[in-house]
Amino acid sequence: MSFTPESTDNTSIATIRTLAADVVGKANSGHPGAPMGMAPVSHVLFTRFFNANPKNSKWFNRDRFVLSNGHACALQYILLHLLGYKLSMDDLKAFRQLDSLTPGHPEAHHTDGIEVTTGPLGQGFANGVGLAMAQAHYGAVYNRPGFDLINNYTYVFTGDGCLMEGVASEAASLAGHLQLGNLIVIYDDNHISIDGDTAVAFTENVEQRFLSYGWQVLHVNDGDHDLAAINGAIVAARAEKTKPTIVCLKTTIGYGSKQQGTHGVHGAPLKADDIQSLKSKFGFPPDQKFYVPKETYDTYRAAALRGAKLESQWNSLLAEYAKAYPKEHAELTRRISGRLPEGWEQKLPVYTPADPAQASRKLSELVLTAITPALPDLLGGSADLTGSNLTKVKGTVDFQPPSTGLGNYAGTYVRYGVREHAMGAIANGLHAYGGIVPFVATFLNFVSYAAGAVRLSALSKHQVIWVATHDSIGLGEDGPTHQPIETAIHLRAIPNLDFWRPADGNETSAAYFVALKSTQTPSVLSLSRQNLPNLEGSTIERAARGGYVLYEVANEDMTIVSSGSEVPIALEAASLLKKEGVNVRLVSLPCWSVFDKQDEQYRLSVLRSGAPILSLEALTTTGWQKYSHEQYGLPAWGASGPYLKVYEKFGITGPNIAAVSKKVIAFYKQKGGQVVSPLVKAL
């Protein structure tokens with residue numbers, strides 16, 4: 001596509017720059033510099049290349065745009081407004097105000113046209129890799145000769161800060177290996193970060209770095225003015241089909257400001273006289289705020305009309321596809337709608353106590369083996385721990401570039417390598433694309449490496465399923481470095497995240513059942529290395545409520561509440577106490593957050609008043625105070641050794657828990673008075 005300059009180009013670019021100054025200035029908060037510096041490339045991309053329909057922001061084959069340097073969000077809001085998305089001038093004026101559509105960083109599901117939530121640097125870069133992987137996968141599965149249905153590009157704007165973050169390095173490395181020619185990253189090479197010139201901390205050769213990853217690297221030396229060079233770089237990037245592309249774009253941060261080129265314009269509003277000077281320089285009325293010339297609106301609305309026409313043509317192609325490939329069309333449109341296939345739940349394994357004891361990581365594998373043939377929506381993988389996580393279903397094909405001979409893009413198993421953080425952020429991008437339920441796997445301890453991505457999964461409502469094995473001191477000999485004593489409470493504390501710790505086969509099936517039904521909630525499945533017996537009284541239906549009475553008695557002396565691998569130990573303690581005439585109920589609580597959503601009557605029937613409640617878990621006891629009067633668990637780090645010896649060292653055995661229970665019962669009897677459920681609160 002050759003570049004034809006338009007008379008409105010300079011006016012439109014000036015509009016973006018002055019609006020950025022006004023938007024941040026009115027909020028008295030934000031980052032005007034990057035939007036002002038990236039105005040030219042934004043204008044060229046969105047008026048000449050970007051395919052989307054603002055009147056239907058969810059058109060499936062739209063190009064995806066990610067602002068990885070999310071602190072420059074004023075730029076994205078301005079572009080959305082000019083293109084005619086559901087973002088008015090009043091919304092721009094309300095930037096960073098409470099309950100506005102223009103929050104301090106872009107948020108998916110909040111502002112129309114935002115694909116992924118960004119802000120924490122590097123996350124959007126990795127999200128973009130996930131979006132590009134999703135397109136490659138869909139294209140390989142559903143495209144047919146004459147029906148190039150899924151062929152969109154993913155464009156990512158990134159900056160020095162993003163490239164300093166490890167998550168971007170991990171994601172870029174994988175993207176190069178995967179040969180994602182549909183991924184185009186524009187690197188705002190302005191040499192400024194919050195601390196000042198990047199010479200103080202970031203002096204690597206970015207070109208050589210990305211060449212080593214297997215990327216195409218292009219350069220635009222004058223990103224402030226050379227629109228033809230910007231255009232040419234994007235054309236060249238789109239033409240490269242076997243490598244992702246990074247365009248190193250030299251820009252001047254805060255272009256046009258008195259402080260241009262300095263960190264002073266990075267993260268603070270321009271002063272009033274500077275804004276007036278800026279507008280005068282570009283021939284705009286210096287005293288008129290939020291000024292948009294008619295020709296700018298006309299230019300962007302023409303781009304929007306082009307997008308609407310492209311969607312209309314695509315819809316016609318999809319209708320013809322339905323005639324030629326009715327089965328594929330039915331599956332594709334079902335996935336686009338966000339619905340899972342009918343009856344997949346019937347594939348979930350069901351267990352009885354007669355079934356052999358197995359590790360819950362193995363039980364997870366059995367679930368995946370049972371449901372994968374019925375759920376083409378699943379696209380999963382592991383961070384180099386496939387043999388330990390047990391996540392690859394026999395017969396599935398790896399997601400790999402066909403040229404490698406290792407698989408193809410229609411494959412459904414991803415080899416993420418030792419890149420936990422990127423894995424989590426890529427999964428967010430996979431889910432954001434639509435119609436994909438990603439699952440990712442590592443040891444529970446190493447989910448901590450991906451904490452930033454997990455947090456954004458929850459905030460962004462991404463249905464990502466973490467298969468997190470080796471979940472306690474039960475992993476044994478690997479010792480405290482690998483034993484995730486504190487990880488569970490961290491994950492349980494994250495809003496809109498379901499942390500499951502199943503105790504047996506039915507509870508594992510229940511965890512998958514709820515995770516796959518929870519279309520706007522990520523889940524972490526905390527799974528054991530050691531074998532667990534299948535328990536009398538457990539069912540998928542009961543466990544799916546997050547907590548239930550596993551063993552019931554009347555007039556109990558105490559209730560033990562537990563989760564995961566400690567439930568059988570609690571059951572052993574209850575059995576020993578029963579022989580001594582002590583009545584103990586047992587509650588299994590595999591998922592706190594799901595249990596908390598049950599009605600009050602049910603919750604109080606499970607953790608009822610009348611007798612003390614003791615919690616038991618081979619992790620830190622923090623958080624169990626909400627559900628129990630007394631807590632037993634790990635006082636500090638774990639230990640290295642055979643797992644049964646480690647459990648014995650910390651007193652997590654049936655006999656010791658029975659002895660602890662008698663002490664608790666005696667204490668509360670001596671204390672006297674009614675024992676009220678810990679769930680009974682004033683607020």
Taking the side chain as every heavy atom from C-beta outward, state whether [X] and [Y] have any atom pair closer than 4.5 Å.
X      : Y      : answer
Asp398 : Leu406 : no
Thr521 : Leu497 : no
Leu475 : Val646 : no
Leu368 : Leu390 : no
Leu340 : Asp377 : yes
Leu586 : Val567 : yes
Lys578 : Val584 : no
Thr621 : Tyr632 : no

Whether the [X] and [Y] side chains hold a donor-acceptor pair (N or O, under 3.5 Å, no angle test) is what I'd like checked.
X      : Y      : result
Ser628 : Gln631 : yes
Gln483 : Tyr643 : no
Ser588 : Tyr551 : no
Gln135 : Asn182 : yes
Asn506 : Thr539 : no
Ser173 : Arg419 : yes
Tyr512 : Ser364 : yes
Arg335 : Tyr142 : yes
Arg585 : Thr559 : yes
Tyr321 : Glu328 : no
Asn61  : Asn151 : yes
Ser593 : Lys597 : no
His177 : Gln400 : yes
Tyr138 : Asn143 : no

Candidate pair Leu183 and Trp215, rule side chain to side chain contact (heavy atoms under 4.5 Å, CB included), full reasoning = CA-CA 10 Å; Leu183 175 62; Trp215 287 54; 3.8 Å; yes
If we ignore hydrogens and angles and just use 3.5 Å, is the side chain of [X] paired with the main-chain N or O of [Y] as donor and acceptor?
X      : Y      : result
Asn408 : Pro401 : no
Ser472 : Gly474 : yes
Thr372 : Thr369 : no
Thr154 : Arg64  : no
Lys645 : Lys649 : no
Tyr416 : Gly380 : no
Glu365 : Arg361 : no
Thr117 : Ser460 : no
Asn496 : Ala458 : yes
Gln463 : Ala515 : yes

Show the nearest heavy-atom pair for residues [X] and [Y], with the distance to one decimal.
X      : Y      : value
Val594 : Gly546 : CG1-N, 3.7 Å
Ile540 : Ala510 : O-CB, 3.6 Å
Thr653 : Glu648 : CG2-CA, 3.8 Å

Selection residues 496-514 - residue pairs positive for salt bridge (Lys or Arg N to Asp or Glu O under 4.0 Å), sequence neighbours left out = Asp471-Arg501, Arg501-Glu566, Arg501-Glu617
Residues, nucleotides or ligands: over 12 heavy atoms within 6.0 Å of Lys394 NZ | no
Spacing of [X] atom [atom1] and [Y] atom [atom2] [to the nearest 0.5 Å]:
X      : Y      : atom1 : atom2 : answer
Leu491 : Arg455 : CG    : CZ    : 13.0 Å
His431 : Ile465 : NE2   : CD1   : 9.5 Å
Glu345 : Leu348 : CD    : CG    : 7.5 Å
Glu536 : Leu550 : CD    : CG    : 9.0 Å
Leu607 : Leu589 : CG    : CG    : 6.5 Å
Thr508 : Gln358 : OG1   : CD    : 10.0 Å

Verdict with supporting geometry, Leu444 and Thr469, side chain to side chain contact (heavy atoms under 4.5 Å, CB included) = CA-CA 6 Å; Leu444 177 60; Thr469 66; over 6 Å; no
Asp596/Lys626 salt bridge by N-O under 4.0 Å criterion = yes
Residues Lys58, Glu115: salt bridge by 4.0 Å N-O rule = no
Between Ser360 and Ser528, does a side-chain hydrogen bond (donor to acceptor under 3.5 Å, both in side chains) hold up when you go through it step by step?
-> CA-CA 5 Å; Ser360 54; Ser528 74; 3.1 Å; yes
Taking the six-membered ring for Trp, is the centroid-to-centroid distance between Tyr433 and Phe60 below 6.0 Å?
-> yes
Begin from the C-alpha positions of Thr412 and Phe399 and carry the test side chain to side chain contact (heavy atoms under 4.5 Å, CB included) through to its verdict.
-> CA-CA 6 Å; Thr412 56; Phe399 178 87; over 6 Å; no
So which pairs with a foot in residues 334-391 pass ring-ring contact (aromatic ring centres under 6.0 Å, His included), sequence neighbours left out?
-> none
Residue pairs fulfilling ring-ring contact (aromatic ring centres under 6.0 Å, His included) with at least one residue in residues 468-506, sequence neighbours excluded = Phe443-His470, Phe446-His482
Could you please spell out the steps behind the side chain to side chain contact (heavy atoms under 4.5 Å, CB included) verdict for Thr404 and Gln179?
-> CA-CA 10 Å; Thr404 64; Gln179 303 175 20; 4.1 Å; yes
Plane angle bin for Trp592 and Tyr627 - parallel if under 30°, tilted between 30 and 60°, otherwise perpendicular |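 The arrangement is tilted - the two ring planes meet at 30° to 60°.
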Once the angle between the rings of Phe439 and Tyr413 is folded into 0 to 90°, is it parallel (under 30°), tilted (30 to 60°) or perpendicular (over 60°)?
->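 Taking Tyr413 first and then Phe439, their aromatic rings sit tilted (interplane angle of 30° to 60°).
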Between Arg545 and Tyr602, is NZ or CZ placed under 6.0 angstrom from the six-membered ring centre and within 45° of the ring axis?
->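 Positive - Arg545 is close enough to the ring of Tyr602 and near enough to its axis.
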Measure from NZ or CZ of Arg144 to the centre of the six-membered ring of Tyr325 and say whether it is under 6.0 Å with the direction within 45° of the ring axis.
-> yes
